[in-house]
Amino acid sequence: MNNPAEKLIDDLHWSADGCATLTGALYEWASRFDAHLSASAASYGAADYRFPSLIAAKSLAPIAYLRSFPHLATFVTSGRRDDAALHALAKDSGTAEQIDVTADRFDAVDHLLTPATCYHFYPLFAGQHIDAPLLLTARCQCFRRETHYVPLERQWCFEMREVVCIGDAGDIDEFVSNWSTAMESLAGTLGLFANWQTATDPFFDPQGDPKALAQIIEPSKQELCVPGGLAIGSVNKHRSFFGESYQIHCGAEPAQSACVAFGIERWLSAMVDVHGPDVATWPNPGEEQ
Ligand code: AMP
Ligand code: ZN
C-alpha cells in the first residue's frame, strides 16, 4: 500500500489533502509555542477553554456564517440510524475512497468542523449582560476548504490559538493595542521579520449584504505577514456585530468584541524559512535572545 503521507522534513508528514502530522522536536516546539501564548493570555487574566472540533450550524446561524464563507466550510454528517441505510452504507462504502453522500443514507447536516476558534465563544455568552470585559482564549483545530494546499502554510486542518475580548469600546481599544504589540514583539524575539498589512482575502459574494459577516470583519482586519506575504496572525475588530448577533450586552449597549488569532503551523513555516529545518537551533518562545 502507498503511504498517503509524505515525509517532508524531520517530524513533519504531509498528505496532499491538506493535513499535516507533527511529531518529535517540531511537535514539541509547537506545543511550547502554544503554551507560551496561553501563558501570555493568562497573564492578562484570560480564561483558557478547550472546545470540540464540531460546531453546530445553529451556533453560526446568528452571524449567517455560511452566507459569507460557504466556500471555506467543511460539513459533517453521519449514517442514518436505520438498518437499510446502514447496511447499504456498509456494503458500498466499506473499502471506498470516496463516499457518496447524495445517497439517502445520511443524516441532515447540522454541524460543521470549526472554521475559526473564536466562533465557539459568542454562543457561550449569548443573551448575557456583562459589566466587566471578558478575556478569553482557546486553541482549536480549525478547518477551511481552500483551493490548494501547501504544507504548514495553507492546510485544510490547522491549529488556531485565539485571544478574544468582549467588552466596551475602551476595553477593545486597549486589548487590540496590547495584543498587536505582543504578537509583533513575539515575532521579533523569534527572529521573524514581519509587518502589518490590511487583509485583502477574497470572500464570497463581495457585493452582497453590507451587514454581512465578511463586510464587517474584512475591512478592519490587520494581518501580521512575513516576507512573501504569508499571514501568521490577525487582529480583528468586530465592533458590535457579534454583540448584536448574539444579544450580548455590556452596560446598556451591545457589547463590542475583538479577537487576535495565531495560525500555529504558519509560525512553524516562518521558523523553517528563517532558521532552517533543524528545530534544535530555533529560539524558544518566551526566551529573550
Ligand atoms: P483568520 O481567521 O483568517 O484571520 O485566520 C487566523 C490565522 O490562521 C491566519 O492569520 C493564519 O495564520 C492561520 N490560517 C488561516 N487559514 C489557514 C490555513 N488554511 N492553513 C493554515 N493556517 C491558516
Ligand atoms: Zn476570531
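Counting from 1, the numbers follow the sequence of the chain as shown.
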### Message
Apply side chain to side chain contact (heavy atoms under 4.5 Å, CB included) to residues R161 and T117 and explain how you reach the verdict.
### Response
CA-CA 7 Å; R161 163 68 63 178; T117 300; over 6 Å; no
### Task
Take S257 and H238 through the test side-chain hydrogen bond (donor to acceptor under 3.5 Å, both in side chains) and record every step on the way to the result.
CA-CA 5 Å; S257 61; H238 312 135; 2.8 Å; yes
### Residues S240, E253; criterion side-chain hydrogen bond (donor to acceptor under 3.5 Å, both in side chains); working and verdict
CA-CA 9 Å; S240 57; E253 304 283 321; over 6 Å; no
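No more than 12 heavy-atom neighbours from other residues, nucleotides or ligands sit within 6.0 angstrom of OH on Y27. A 6.0 Å sphere centred on CD of Q128 holds more than 12 heavy atoms belonging to other residues, nucleotides or ligands.
Using cut-offs of 30° and 60° for the angle between ring planes, the W179 and Y44 rings count as tilted. Using a 30° and 60° split on the angle between ring planes, F242 and Y246 fall in the parallel class, below 30°.
Under the 6.0 Å cut-off for aromatic ring centres, F121 and F51 qualify, their centroids lying closer than that. Ring to ring, W156 and F143 are not that close: their centroids are 6.0 angstrom or more apart.
For H36 (side chain) and R32 (main-chain N/O), no donor-acceptor pair under 3.5 Å exists by modelled atom type. When atom types are taken as modelled, the side chain of T281 and the backbone of D278 share a donor-acceptor pair closer than 3.5 angstrom. Judged by distance alone, with hydrogens and angles left aside, the side-chain atoms of N236 form no donor-acceptor pair with the main-chain N or O of A258 at under 3.5 Å. A donor-acceptor pair is defined here as one N or O able to donate and one able to accept, closer than 3.5 Å; such a pair exists between the side chain of S180 and the backbone of V176. Under the 3.5 Å distance criterion, the side-chain polar atoms of N284 are left unmatched by any main-chain donor or acceptor of E287. At distances below 3.5 Å, not a single donor-acceptor pair connects side-chain atoms of E162 with backbone N or O atoms of A261. Put simply, the side chain of D171 gets close to the backbone of D168: a donor and an acceptor are under 3.5 Å apart. No donor-acceptor pair closer than 3.5 Å links the side chain of H249 to the backbone N or O of G243. Counting only distance, with no hydrogens or angles, the side chain of R266 and the backbone of E153 share a donor-acceptor pair below 3.5 Å.
Nearest approach of D17 to Y149, heavy atoms of both residues: O-CE1, 3.8 Å. Nearest approach of H275 to G191, heavy atoms of both residues: NE2-CA, 4.2 Å. Smallest separation of non-hydrogen atoms from Y119 and P115: CD1-CG, 3.9 Å. Scanning both residues, P285 and F33, for their nearest heavy atoms gives CG-CA, 3.5 Å.
C140 has its side chain within reach of H120: a pair of non-hydrogen atoms, C-beta onward, lies under 4.5 Å apart. Side-chain contact check for D173 versus K237: some heavy-atom pair is nearer than 4.5 Å.
Here the CG-CG distance, from L152 to L12, works out to 5.0 Å after rounding to the nearest 0.5 Å. Atom CG of residue L113 and atom CZ of residue R145 lie 11.0 Å apart, to the nearest 0.5 angstrom. Between the OH atom in Y122 and the CD1 atom in I63 there is a gap of 8.5 Å [rounded to 0.5 Å]. Note that CZ of R239 and OG of S220 are 6.0 Å apart. Values are rounded to the nearest 0.5 Å. We find the CE-CD1 distance between M271 and I232 to be 10.0 Å, quoted to the nearest 0.5 Å.
Salt-bridge formation is not detected for the pair D107/R80: no Lys NZ or Arg NE/NH1/NH2 atom is positioned less than 4.0 Å from an Asp or Glu carboxylate oxygen. We find that R139 and D48 are not joined by a salt bridge, their nearest charged nitrogen and carboxylate oxygen being 4.0 Å or further apart.
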